[in-house]
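See below for the structure under consideration.
The sequence lines fix the lettering, A, B, ..., with proteins before strands; numbering per chain opens at 1. This structure is a prediction, so every number in the text was calculated from the model and none was measured.
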2 protein chains.
Amino acid sequence: MLGPHVPELRALELLVLVSETGSLSAAAAELGITQQAASSRLRTMESLVGASLVDRSRRGSLLTPTGELLVQWSGAVLAAAAQMDAGIAALRADRRGHLTIAASLTIAEHLLPGWLVALRARQIHAGLTPTEVTMTATNSERVESLVRTGEVDLGFVEGPDAPADLHHRLVGTDTLVVVVGPKHPWVTKPSRRVSATTLAATPLVVREPGSGTRMVLDRALQDLGTVGPALELSSTAAVRAAVAAGAGPAAVGAHAIREDLALGRLVKINVAGLDLTRRLHAVWRGGVQPPYGAARDLVSWAADHPA
Amino acid sequence: MLGPHVPELRALELLVLVSETGSLSAAAAELGITQQAASSRLRTMESLVGASLVDRSRRGSLLTPTGELLVQWSGAVLAAAAQMDAGIAALRADRRGHLTIAASLTIAEHLLPGWLVALRARQIHAGLTPTEVTMTATNSERVESLVRTGEVDLGFVEGPDAPADLHHRLVGTDTLVVVVGPKHPWVTKPSRRVSATTLAATPLVVREPGSGTRMVLDRALQDLGTVGPALELSSTAAVRAAVAAGAGPAAVGAHAIREDLALGRLVKINVAGLDLTRRLHAVWRGGVQPPYGAARDLVSWAADHPA
DNA sequence: ACATGGCACAAGGCTACCTTGTGACCCCAC
DNA sequence: GTGGGGTCACAAGGTAGCCTTGTGCCATGT
């Protein structure tokens, strides 16, 4: 829950613009509002935070140290918001004549928005008009089929290997982590370590077949003889909740549960000798190179900037 | 600049709460507003984003896939906002009877808010009432003096070494990066590499004396015979702007210029054989252990969770 | 001296939000 | 079957916040 002293995004944006332009009226002009509106918005923000943020003078405005601090913090918030903006823009974009992408949920959530922001920034920096991108988020299996049928220009999938019949390029890897609820018996094991065979013999909370996470897990356990799942759910959030409630162990992407681990809602279990590496690939049809200029840029940026 | 389709923080928060509680009215209750207000807020958010985010049913509400995606993105935005909230709370807190902290600017900006959020979460998780923290952000020199005079309970400083006459504990390290503007002659050097002596013989854009960044730089260059600075500025933002405009090279913390590097506003230069490591220390007066329970928790959490 | 640029104050209108009141619907328990 | 608890939507009304227009002041610079 957010306290009552946090300004809204638009107010933070204004403060950052004031810091960059050194003037209230210039910042207002950038936002397309009047100077008076900016002045008042800033005032309410100052009374909200409880400190003066801007030193107004007759020839411009300079931030106070507190203001600078807030600008830094706003930077992080607005960077995340910019990623969301890119994601929303991709969800909204008109589907014709633009670059269409399908991505697995993990990639759509955590990686793709950042890539889109970077692509856009680079295009603007190069004097181009930014490409409009349309994004579909679905599981890896369906992403591959969308690429095969040509419904999208470019796909991003996750799984143990690259798909065989599509051109691809590795754009990242991550590793699944095995977690249990805080009251699970494994929590008391020495160094919280269990063997791969123990894991394979335990009913797990898993994602639906066709998801990259599920494929990696099935592949890792296939030689150990699997037992049926305890529960099969179609979103990571549902898996997290089920595991926290004690439904059984699960293997999930590390970033999705960082906060749960810190708060003790979930506990990480070490599993010896099990390869839970998930490979993230860009995939496309046709030539060896990704199709368009923008798609090519996006793929090479992604490949060069692992998470 | 943020597009017009990004909801405000409160709206995002509502969506996350709906996702967690599975009910519009429950989410509304948590926020202290009526169910109708929540319903309308959600509606405007949906028309803003241009997609339906929640499937309303007679017994609860479930997010659509798009809604889930937005929740994930909101997670990043709200996490950053929570850090800002913690920071603002520390700026606002009443100074008596609470834990008072002074921190160098870098730490106050990038690290401390996260630590405060974690401390608060752990205290709540342990059933304690969270400690109110008061924070002052200033340069390392003044932080040390505030700790010495007892005006604050705990300090966080950065510099080449730990301060000699205070108890301390290492809570992180980072490395300064040498950058120049995109049109600087060094950009064309092979592998963008210059020698330490070349750097020492060049007038630099520096922070004011007393800042940790400055101390690290002075210390690293002291045996090479320094030339006077090109410009002396009292904030990292000012340094970044000056360097980008071509005022000369500067050494700055890596995280502060990540975006500038990606956009090509600044270019990183490799300097051979120069130790620009900055050590981040918690410092306190009195016993070998940090004073209070909360302060001790904070320090050990910080030490155990490097950035 | 006068234009320019920067900010604050004041008044007015509009919009958007929130609250109260109400209705429809479903599930469950009795 | 029927009433109670729960969910959400619709409607009406008030309020408050925000934005715009209009104005004044002051410093700088030409």
Side-chain angles (χ1 to χ4, degrees), chain A residues 1-64 66-68 70-71 74, chain B residues 1-64 66-68 70-71 241:
Chain A
M1 276 264 329
L2 229 45
H5 302 303
V6 181
E8 293 288 355
L9 288 176
R10 263 67 193 192
L12 298 178
E13 195 182 12
L14 172 66
L15 187 67
V16 171
L17 280 174
V18 169
S19 142
E20 282 175 0
T21 60
S23 147
L24 241 163
S25 3
E30 293 237 6
L31 288 177
I33 60 177
T34 60
Q35 166 262 317
Q36 290 88 333
S39 177
S40 131
R41 209 187 264 187
L42 201 63
R43 253 177 208 306
T44 63
M45 179 165 32
E46 286 183 318
S47 85
L48 212 64
V49 173
S52 93
L53 304 174
V54 173
D55 271 336
R56 290 108 165 137
S57 91
R58 307 293 163 175
R59 74 173 161 296
S61 292
L62 221 69
L63 297 207
T64 64
T66 306
E68 290 283 0
L70 224 68
V71 164
S74 304
Chain B
M1 276 262 332
L2 230 45
H5 302 302
V6 181
E8 293 288 355
L9 288 175
R10 263 67 191 192
L12 298 179
E13 193 181 13
L14 171 65
L15 187 67
V16 170
L17 281 173
V18 169
S19 145
E20 282 174 1
T21 60
S23 147
L24 242 163
S25 6
E30 292 237 3
L31 287 178
I33 60 177
T34 60
Q35 165 261 317
Q36 290 88 332
S39 177
S40 130
R41 209 186 265 188
L42 201 63
R43 256 180 203 303
T44 63
M45 180 164 34
E46 285 183 319
S47 83
L48 212 62
V49 174
S52 93
L53 303 173
V54 172
D55 272 335
R56 291 111 167 132
S57 93
R58 308 293 164 171
R59 80 170 154 298
S61 293
L62 221 69
L63 296 207
T64 63
T66 306
E68 291 281 1
L70 224 68
V71 165

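- Going from atom CG of A/L24 over to atom P of D/dA27 covers 18 Å, rounded to whole Å.
- In this entry the distance linking CG of A/D55 with P of D/dA27 reads 16 Å, nearest Å.
- In this structure, A/S39 reaches the sugar-phosphate backbone alone: every heavy-atom distance under 4.0 Å involves primed, P, OP1 or OP2 atoms, never a base.
- Contact check, A/R58 against C/dG5: no side-chain N or O comes under 4.0 Å of OP1 or OP2.
- Straight-line distance from the CD atom of B/Q36 to the C1' atom of C/dA24: 14 Å, rounded to whole Å.
- For the pair B/T34 and C/dT19, the criterion of a side-chain N or O lying under 4.0 Å from OP1 or OP2 is met.
- Atom pair A/I33:CD1 and C/dT15:C1' shows a separation of 16 Å (rounding to whole Å applied).
- Within 4.0 Å of B/S40, counting heavy atoms only, lies no atom of the nucleic acid at all.
- No engagement by A/R10 is indicated, since no non-hydrogen atom pair under 4.0 Å with the nucleic acid exists.
- Taking atom CE of B/M45 as the reference point, atom C1' of C/dA16 lies 15 Å away to the nearest angstrom.
- Heavy atoms only, all atoms of each residue included: A/L42 and A/L14 are closest at N-CD2, 4.1 Å.
- Nearest heavy-atom pair, A/P7 versus B/L9, reported as atom, atom and distance to 0.1 Å: O-CD1, 3.3 Å.
- Closest approach of B/E8 to A/R10, counting heavy atoms only: OE2-CD, 2.9 Å.
- When heavy atoms are screened at a 4.0 angstrom cut-off, B/S25 is found touching the sugar-phosphate backbone but no base atom.
- Shortest non-hydrogen contact noted between A/L15 and A/M45 is CB-CE, 3.9 Å.
- Contact annotation: A/R41 reaches the phosphate of D/dC19 (side-chain N/O to OP1 or OP2, under 4.0 Å).
- Rounding to the nearest 0.5 Å places OG of B/S52 at 10.0 Å from CG of B/L63.
- Side-chain N/O atoms of A/R43 include none lying less than 4.0 angstrom from OP1 or OP2 on D/dC18.
- Counting to the nearest Å, the C1' atom of D/dC18 and the CG atom of A/L48 are 15 Å from each other.
- Distances shown here put every side-chain N or O of B/S23 at or beyond 4.0 Å from the OP1 or OP2 atom of D/dG6.
- Remark: B/S61 is in phosphate contact with D/dC8, judged by side-chain N or O atoms under 4.0 Å from OP1 or OP2.
- What separates CD of B/Q35 from P of C/dA24 is a distance of 16 Å, to the nearest Å.
- Checking the phosphate oxygens (OP1, OP2) of C/dG6, no side-chain nitrogen or oxygen of A/R56 falls inside 4.0 Å.
- Atom P of nucleotide C/dG6 and atom CD of A/E30 are separated by 13 Å, given to the nearest angstrom.
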